[in-house]
Amino acid sequence: MADNLPSDFDVIVIGTGLPESIIAAACSRSGQRVLHVDSRSYYGGNWASFSFSGLLSWLKEYQENSDVVIENSMWQEQILENEEAILLSSKDRTIQHVEVFCYASQDLENDVEEAGALQKNHTSVASWNATKAAETACLPTADEPLSTGSYEIPAEQHQCSGPESSLEGNDTEEGGKKDNHSDDKTPAEETSENVPKVQDNTETLKKNRITYSQIIKEGRRFNIDLVSKLLYSRGLLIDLLIKSNVSRYAEFKNITRILAFREGNVEQVPCSRADVFNSKQLTMVEKRMLMKFLTFCMEYEEHPDEYKAYEETTFSEYLKTQKLTTNLQYFVLHSIAMTSETTGCTVDGLKATKNFLRCLGRYGNTPFLFPLYGQGELPQCFCRMCAVFGGIYCLRHSVQCLVVDKESRKCKAMIDQFGQRIISKHFVIEDSYLSENTCSRVPYRQISRAVLITDGSVLKTDSDQQVSILTVPAEEPGSFAIRVIELCSSTMTCMKGTYLVHLTCMSSKTAREDLGGVVQKLFTPYTEIEADNEQDEKPRILWALYFNMRDSSDLSRDYYNDLPSNVYVCSGPDCGLGNDNAVKQAETIFQQICPNEDFCPAPPNPEDIVLDGDSSQEASESSVIPEANSETPKESTELGNPGEPSE
């Protein structure tokens, strides 16, 4: 591969996380010659998604403390007298305190492997599976460039309730083929069909229990994100996906519920106008109070006298002055503004509430969207856009060092694992690739993460296909609120009969210490005794992973030692719910590389390109294709965009 690489580029991007992928796509779209390299065997870095066995391979790599690439000294021969080298790290040190727990029955069978797996290299399988998903994603309609439908679910699964679009015609068939093993039966399932059904309840319970071997067999149905985020329907990333037309490479699902945790119970929060008026949790007086306050929040900037005296106080204290009941204060603070009682000033709380409200009703009854197959799809979408415009990609391709000219103090080249010297004008690098010497003064923060596979939802309803977000307030001083995102099987992130639960908070201790208390309150470990106890209403944990991830966001480049001016550092994932930080970072760096250029403009539409000899009939036929391919829901006029026309 190295022998075939050109030796001169305009931009070299090291790492395939979301900010780097957006920058590579934007630069390639602007006509820059882009080389995008990553020492990993998969796209996304800490933004990646894995199948279950792919995740186990990723864990093994970290726990064995093994390097992906063996270091060599070939780079030293390439350094000239007037140059010096900035060594890069060959090991990713962003993950710490990894702990794995398996509660499901571990009756492993011989030669158990993922259903439909193509090869034994599970990490490669995971990368192929996610890439394939991006390639076959449904195209948007001409009216609404962002597709919020869900792929066809096998007949035995229920469609998720909510305002989602259903695909039609050939697109639906292709969506169903994406996991062509979805209708395949395991040998155990085929055998059970030929055996008379046993009426005994005990036998039925045992038959329905999910074992570890089942999780392994269905491992390709899991797409487990290292980072847990949602997309605000009017956030910067959604706007960028629509503007650049990258949205055609992915599909999204509505978050159906916003939950709250009060006095040991999980309850649904009414957030839209319809939810408020239909809620049985609120009295009529409370409904009027809430609607009046939310209406004020939508236009709070026009009435500074209403909050000016409380600018220095917390949002929690401000809410106490607004004639809201304790019930309403809790909902607004923790489930709408999503801030804590001790942090966040009044203005920040009002701003967060307004942002929440203005995102309501664009694609569904909540402000949030989730990409099918996980957040790891998003970096791959932009990687594909970059490749379409000529960007060159090299996975499993490490960089030994950057070459710096001593006189100009500019970076002029990189030297890869094969000793090849590749020249470039600009270098974009993910923080995790920088050596300890370069980062010795950087004050990193940490994110605590937990990933659970459970057998039930934290709040049971008639539908088993709910996608929920829950915020659990901090209980002790110095601790942080915990965000819980629960994904069902129709998000294409877990197997039927299970839920994939992500917990996230800023770290004060190890991940298990930070998150273990909330896990115990919401779930119970899956054991044989508890599985027979029908009175236990908590969902049971089948498998759990805890780890701490480095948060390198919002750091000044001044913290890095001797960083040349044409080397731009991108951070890993931050702890925020949305992706605005990554988009802002990508746009800022792009403008430094390509000043006065448009950031990720839409590519030319093939239907709009008229070539010599094209007939008007062909043009008219192509213009109606998008409308026949899919159906997009119109934006509803819920609270937050009253009377707003569809986009």
Side-chain angles (χ1 to χ4, degrees), residues 9-30 32 34-40 42-48 86 88-89 92-95 226-227 229 236-237 240 244 246 375-376 378-383 385-386 391 393-395 397-399 402 411 414 424-436 438-439 442-447 549-576 578-594 599-600:
F9 288 89
D10 295 316
V11 182
I12 292 178
V13 181
I14 304 172
T16 53
L18 184 59
E20 303 91 72
S21 300
I22 295 175
I23 293 168
C27 290
S28 178
R29 177 69 181 89
S30 297
Q32 304 291 311
V34 176
L35 172 64
H36 205 164
V37 299
D38 198 329
S39 63
R40 306 174 182 92
Y42 53 89
Y43 290 99
N46 284 350
W47 302 80
I86 298 179
L88 300 185
S89 176
D92 187 351
R93 295 178 174 83
T94 60
I95 306 296
L226 296 184
V227 61
K229 290 178 175 290
L236 295 181
L237 185 54
L240 183 62
S244 62
V246 172
Q375 292 283 331
L378 299 177
Q380 293 188 75
C381 290
F382 286 98
C383 287
M385 176 184 176
C386 178
Y393 279 82
C394 298
L395 294 181
H397 194 100
S398 65
V399 179
L402 300 178
C411 187
M414 78 170 199
S424 182
K425 300 173 184 176
H426 302 277
F427 299 81
V428 179
I429 184 168
E430 181 191 326
D431 171 89
S432 64
Y433 283 90
L434 297 175
S435 67
E436 291 183 345
T438 304
C439 304
V442 179
Y444 290 118
R445 299 179 298 272
Q446 295 290 322
I447 302 170
M549 176 185 290
R550 177 193 291 176
D551 181 359
S552 55
S553 62
D554 301 325
L555 293 174
S556 169
R557 64 177 287 120
D558 296 335
Y559 286 118
Y560 299 99
N561 298 321
D562 301 323
L563 201 63
S565 59
N566 63 334
V567 175
Y568 313 93
V569 181
C570 289
S571 71
D574 63 336
C575 195
N579 296 277
D580 283 4
N581 188 70
V583 177
K584 289 178 182 177
Q585 188 177 169
E587 184 170 9
T588 299
I589 293 176
F590 170 77
Q591 293 298 345
Q592 292 173 329
I593 296 174
C594 304
F599 180 56
C600 282

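This one's a predicted model, so the numbers in the text were calculated from it and none came from an experiment. Only heavy atoms go into these numbers, but all of them, side chains included; no hydrogens, no water, no symmetry mates.
Between the side chains of Ser432 and Asn46, not a single donor N or O lies within less than 3.5 Å of an accepting N or O.
Between the CZ atom in Arg93 and the OG atom in Ser435 there is a gap of 9.0 Å [rounded to 0.5 Å]. Taking CG from Leu88 and CD1 from Ile429, the interatomic distance works out to 4.5 Å, rounded to the nearest 0.5 Å. From Arg40, atom CZ reaches atom CG of Asp92 across 5.0 Å, with rounding to the nearest 0.5 Å. Going from atom SG of Cys394 over to atom CG of Asp38 covers 10.5 Å, rounded to the nearest 0.5 Å. Summarising the geometry, atom SG belonging to Cys27 is positioned 11.5 Å from atom CD1 belonging to Ile22; distances are rounded to the nearest 0.5 Å. If you take CD on Gln585 and CG on Asp580, they are separated by 12.5 Å, rounding to the nearest 0.5 Å.
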Exercise for the section: Evaluate side-chain contact (heavy atoms from CB on, under 4.5 Å) for Val399 paired with Tyr433, printing each intermediate quantity in order. Expected result: CA-CA 9 Å; Val399 179; Tyr433 283 90; over 6 Å; no

Practice task
Evaluate the criterion side-chain contact (heavy atoms from CB on, under 4.5 Å) for residue pair Trp47 and Asn579; output intermediate values, then yes/no.
Solution key: CA-CA 11 Å; Trp47 302 80; Asn579 296 277; 3.6 Å; yes

Exercise for the section: Show your reasoning for whether side-chain contact (heavy atoms from CB on, under 4.5 Å) applies to Val246 and Cys600. Expected result: CA-CA 9 Å; Val246 172; Cys600 282; over 6 Å; no

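Heavy-atom neighbours of Asn561 CG from other residues, nucleotides or ligands within 6.0 Å: above the threshold of 12. Residue Tyr444 qualifies as enclosed at atom OH: its count of foreign heavy atoms under 6.0 Å is above 12.
Side-chain N or O atoms of Ser424 include one that pairs as donor or acceptor with a backbone N or O of Asp10 at under 3.5 Å. At distances below 3.5 Å, at least one donor-acceptor pair connects side-chain atoms of Ser552 with backbone N or O atoms of Gly572. With hydrogens and angles disregarded, a donor-acceptor distance shorter than 3.5 Å links the side chain of His36 to the backbone of Gly15. Between the side chain of Thr16 and the backbone N or O of Gly44, at least one donor-acceptor pair lies under 3.5 Å.
Closest non-hydrogen pair, Val567 versus Cys411, comes out as CG2-CB, 3.6 Å. Between Met414 and Ile12, the shortest heavy-atom distance links the atoms SD-CG2, 3.7 Å. Pairing each heavy atom of Ile589 with each of Cys570, the nearest pair is CD1-SG, 3.7 Å. The minimum heavy-atom distance between Ser30 and Phe590, with the atom names listed, is OG-CZ, 3.3 Å. Summarising the geometry of Cys383 relative to Ser21, their closest heavy-atom pair is SG-OG, 3.4 Å, with the distance given to 0.1 Å. Here the closest heavy-atom approach between residue Tyr568 and residue Arg557 is recorded as CA-NH1, 4.3 Å.
Inter-residue side-chain proximity for Asn566 and Phe427 is flagged as met; some heavy-atom pair is nearer than 4.5 Å. Between Asp562 and Ile86, the closest side-chain pair of non-hydrogen atoms is not below 4.5 Å. Counting heavy atoms from C-beta outward, Thr588 and Phe599 have side chains that stay 4.5 Å or more apart. Using a 4.5 Å heavy-atom cutoff, the side chains of Glu587 and Leu236 are not in contact. Inter-residue side-chain proximity for Cys386 and Tyr393 is flagged as met; some heavy-atom pair is nearer than 4.5 Å. Side-chain contact between Asp431 and Arg550: present, with at least one pair of heavy atoms (C-beta onward) separated by less than 4.5 Å. Side-chain contact between Pro443 and Leu555 is present, with at least one heavy-atom pair separated by less than 4.5 Å. Residues Phe382 and Leu240 have side chains in contact (heavy-atom distance under 4.5 Å, counting atoms from C-beta outward).
Electrostatic pairing of Asp574 and Lys229 counts as a salt bridge here, judged by a charged N lying under 4.0 Å from a carboxylate O.
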